[in-house]
2 protein chains.
Amino acid sequence: MGTTAKALSLLNYFTRSRPLVGLSDMARLSGLNKATVYRLMGELAEAGFVEQVGTGREYRLGPAVMRLAALREHAVPMRDVAAEVLRDLSDATQETAHFSLMQGRTLSTVTYAYSPVHGTRVTMEDADVLMLHATSSGLAVLAYSAPDLVGAVLEGPLEARTDQTITDPAHIRRMLDEIRRDGVAESVSGFENDVHSHAAPIFDAESRAMGAIAVAAPTARMDAALAARIRVAVKAQALRLTRMLGGLPPPDYPRNTPDTVAGHAPAPA
Amino acid sequence: MGTTAKALSLLNYFTRSRPLVGLSDMARLSGLNKATVYRLMGELAEAGFVEQVGTGREYRLGPAVMRLAALREHAVPMRDVAAEVLRDLSDATQETAHFSLMQGRTLSTVTYAYSPVHGTRVTMEDADVLMLHATSSGLAVLAYSAPDLVGAVLEGPLEARTDQTITDPAHIRRMLDEIRRDGVAESVSGFENDVHSHAAPIFDAESRAMGAIAVAAPTARMDAALAARIRVAVKAQALRLTRMLGGLPPPDYPRNTPDTVAGHAPAPA
DNA sequence: ACCATAGGTTCATATAATGAACCAGAAACA
DNA sequence: TGTTTCTGGTTCATTATATGAACCTATGGT
């Protein structure tokens with residue numbers, strides 16, 4: 001591991017629950033020598049990536065990251081990133097792919113992509129609002145949401161959009177357990193008749209589910225083979241999108257595709 | 001300069017107008033050997049600070065900065081605090097207010113607020129870099145900076161952004177004296193034509209000028225009455241923001257609004 | 001007074017960074 | 001079409017840089 005990689009890896013020891021890290025702590029966490037950490041942190045501090053503060057001269061993340069983040073957001077807006085991922089996802093599955101973000105307590109569609117292969121397809125509208133209990137995207141988010149949000153949703157009136165919408169809170173809780181095991185949510189005609197969809201959550205930098213991407217197909221076309229392909233693809237692309245947006249899946253999120261990060265001359269996903 | 005510092009300095013060649021940088025360009029810009037840049041960029045890429053994209057395999061800022069920025073923001077909600085102050089400042093003056101922070105030897109904009117009152121207004125961009133000698137914010141910071149920084153800035157080439165930019169070091173030094181007397185800096189079309197701005201420094205816990213807030217108005221609208229209102233407001237809000245961020249103005253900072261509250265609860269430092 | 005911990009510093013050693021030269025491929029140009 | 005001149009990427013002997021055990025000083029706890 002190069003010196004620079006070591007220095008940058010130190011930044012990963014700052015978390016939401018541990019915003020301040022002292023020199024000795026950092027040495028312990030990283031397994032590096034204290035003197036090494038001291039010098040690396042010094043260089044990071046000079047560049048504004050960390051700063052020292054407080055009585056114990058502890059370190060925290062510095063202002064430079066804010067500036068870079070502003071530039072990154074300008075260079076790579078979230079919608080464009082998502083659009084690229086959805087393009088690949090709909091190409092891979094030959095079905096409609098869409099991306100939705102939590103806004104308050106509702107999930108609203110940001111962008112989507114159609115596959116030109118089939119004459120029939122599930123169609124979407126911008127800013128569609130998805131019900132949390134009745135869509136695969138909603139369930140994917142719920143499965144990784146704080147218990148109080150889940151409770152609030154399941155206690156509230158659960159509207160049945162179709163005669164196949166699942167409205168039994170106990171049943172939904174069992175589904176959430178299943179989703180946490182697989183990493184993929186599923187909904188069969190729960191929101192619109194004759195639509196079968198699979199979704200996987202998108203996580204933010206604090207590993208909170210901030211949204212989901214989903215693949216929606218006509219039930220008539222769904223079979224075991226297609227479902228299997230979709231499940232793999234939607235999960236892989238969700239992880240990719242999470243990474244591209246600077247998010248981090250929670251440690252317990254199931255990964256069946258260990259994305260071995262090769263050097264920087266890399267395989268296009 | 002350490003290897004890590006070199007690697008991190010490469011990130012500064014990404015700007016709003018140059019979001020993509022190729023390997024050779026980066027080597028030219030930084031003055032480093034191409035092979036060196038190649039390896040450093042490789043390490044940065046592995047850590048997610050940059051990523052390669054496009055036909056020319058050019059680099060751009062990576063998702064990692066978004067993640068770190070979210071953590072920084074969580075640890076130091078400076079942006080939120082500043083946003084509130086700027087809101088009040090722009091309401092009080094009915095003009096554009098902005099907040100910039102020193103990063104190394106440059107001043108970069110963190111956040112800003114517009115007033116909805118007038119149809120015309122000065123507009124800002126996130127991560128705008130302000131020249132120290134040619135903006136009111138820069139002058140406000142310089143006036144309270146260490147002599148060696150002032151010397152370094154005034155010795156260096158002083159770019160004239162407009163035909164009204166003041167580039168005479170002696171003249172600037174006289175202005176700095178004036179700023180120290182008033183506590184407020186002023187710039188008339190020094191950075192952008194037809195923009196008249198007033199600024200006051202923000203101090204950190206060690207009473208060093210870490211940034212500034214400013215009010216920028218179209219020159220057409222500026223008159224004695226507006227200028228007087230702005231000077232009072234920007235200074236008061238700068239003191240308030242300094243306090244909210246845990247900073248402390250130096251003892252010689254002029255205060256014309258003595259907020260000596262004769263209560264029995266002592267002012268929080 | 002004592003021990004354990006902290007941040008910070010030193011210097012001989014070893015490891016990692018460096019850069020000139022070199023590929024191979026893609027445009028630009030004639 | 002061949003030639004030039006870019007590009008990103010690679011090699012390897014040389015050199016400079018990073019490293020870590022030990023040390024220093026201060027502080028908080030017992």
Side-chain angles (χ1 to χ4, degrees), chain A residues 1-15 17-62 75-76 260-269, chain B residues 1-15 17-62 75 204-206 208 246:
Chain A
M1 182 158 57
T3 310
T4 303
K6 271 180 225 157
L8 295 178
S9 76
L10 293 181
L11 297 175
N12 293 324
Y13 296 105
F14 294 103
T15 64
S17 58
R18 199 201 301 116
L20 264 50
V21 184
L23 178 61
S24 300
D25 272 342
M26 190 60 94
R28 265 190 296 276
L29 285 166
S30 63
L32 297 172
N33 184 280
K34 191 163 53 116
T36 299
V37 172
Y38 174 71
R39 268 173 283 103
L40 294 180
M41 293 305 282
E43 297 213 54
L44 290 172
E46 226 171 307
F49 279 72
V50 301
E51 60 187 4
Q52 280 182 292
V53 71
T55 58
R57 323 251 320 127
E58 290 172 302
Y59 296 88
R60 70 177 176 204
L61 288 168
V76 192
T260 47
V261 178
H264 64 108
Chain B
M1 184 157 59
T3 311
T4 303
K6 271 180 225 156
L8 295 178
S9 76
L10 293 180
L11 297 175
N12 293 325
Y13 296 106
F14 294 103
T15 64
S17 58
R18 199 200 302 117
L20 264 52
V21 183
L23 178 61
S24 300
D25 271 342
M26 190 61 94
R28 264 190 297 276
L29 286 166
S30 62
L32 297 173
N33 185 281
K34 190 164 54 115
T36 299
V37 172
Y38 175 72
R39 267 173 281 105
L40 293 181
M41 293 305 283
E43 296 212 57
L44 289 171
E46 229 170 305
F49 279 73
V50 301
E51 59 186 7
Q52 281 181 291
V53 71
T55 57
R57 312 220 115 218
E58 291 172 301
Y59 297 88
R60 71 178 174 204
L61 288 169
D204 67 12
E206 280 79 48
R208 291 170 307 202

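Contact check, A:Arg57 against C:dG8: a side-chain N or O comes under 4.0 Å of OP1 or OP2. Phosphate proximity of C:dG8 to A:Gln52: present, with a side-chain N or O under 4.0 Å from OP1 or OP2. A sub-4.0 Å separation between OP1 or OP2 of C:dG7 and a side-chain N or O of A:Ser24 is present. For the pair A:Thr3 and C:dA17, the criterion of a side-chain N or O lying under 4.0 Å from OP1 or OP2 is met.
Atoms CG and CD, from B:Leu44 and B:Glu51 in turn, are 12.5 Å apart once rounded to the nearest 0.5 Å. Put simply, CD on B:Glu46 and CE on B:Met41 are 13.0 Å apart, with the number rounded to the nearest 0.5 Å. In this structure, CZ in B:Phe14 is found 7.5 Å from CG in B:Leu20, a value given to the nearest 0.5 Å. Here the straight-line distance linking atom CZ of A:Arg39 with atom NZ of A:Lys6 works out to 10.0 Å at 0.5 Å rounding. In this structure, CD on A:Gln52 lies 11.0 Å from CZ on A:Arg60, to the nearest 0.5 angstrom.
Toward the 5' end of DNA chain C, the nearer of the two residues A:Val21 and A:Thr4, judged by each one's closest nucleotide, is A:Val21.
The only option from A:Leu10, A:Leu8, A:Thr3 that meets the side-chain contact (heavy atoms from CB on, under 4.5 Å) definition with B:Thr4 turns out to be A:Thr3.
Between B:Arg28 atom CZ and C:dG19 atom C1' the separation is 17 Å, expressed in whole Å. Note: CE (B:Met26) to C1' (D:dG9) measures 16 Å, nearest angstrom. If you measure from atom CG of B:Leu32 to atom P of D:dG8, you get 15 Å, rounded to the nearest angstrom. Rounded to an integer number of Å, the gap from CG of B:Leu23 to P of C:dG25 is 18 Å. Rounded to a whole Å, the CG atom of B:Asp25 is 19 Å from the P atom of D:dT5. Atom C1' of nucleotide C:dG7 and atom CD of A:Glu58 are separated by 11 Å, given to the nearest angstrom. Taking atom CE of residue A:Met41 and atom P of nucleotide C:dT9, one finds them 15 Å apart after rounding to whole Å. What separates OH of A:Tyr38 from P of C:dA6 is a distance of 16 Å, to the nearest Å.
If one axis is set at each end of the helix from C:dA1-D:dT30 to C:dA30-D:dT1 from five pairs, those axes are 40° apart, to 10°.
Distance from the side chain of A:Tyr59 is smallest to C:dG8 among C:dT18, C:dG8, D:dA18.
Considering all non-hydrogen atoms of both residues, A:Asp25 and A:Arg28 come closest at OD1-NH2, 2.9 Å.
Shown here are the side-chain contact (heavy atoms from CB on, under 4.5 Å) partners of A:Ala45, two or more places apart in sequence or in another chain: A:Val50.
Formation of a donor-acceptor pair under 3.5 Å by the B:Ser30 side chain with backbone atoms of B:Met26 is found in this model.
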Quiz item: Once each nucleotide of nucleotides 21-28 of chain D is scored for protein heavy atoms under 4.0 Å, what B/S/- sequence comes out, 5' to 3'?
Solution: B-------

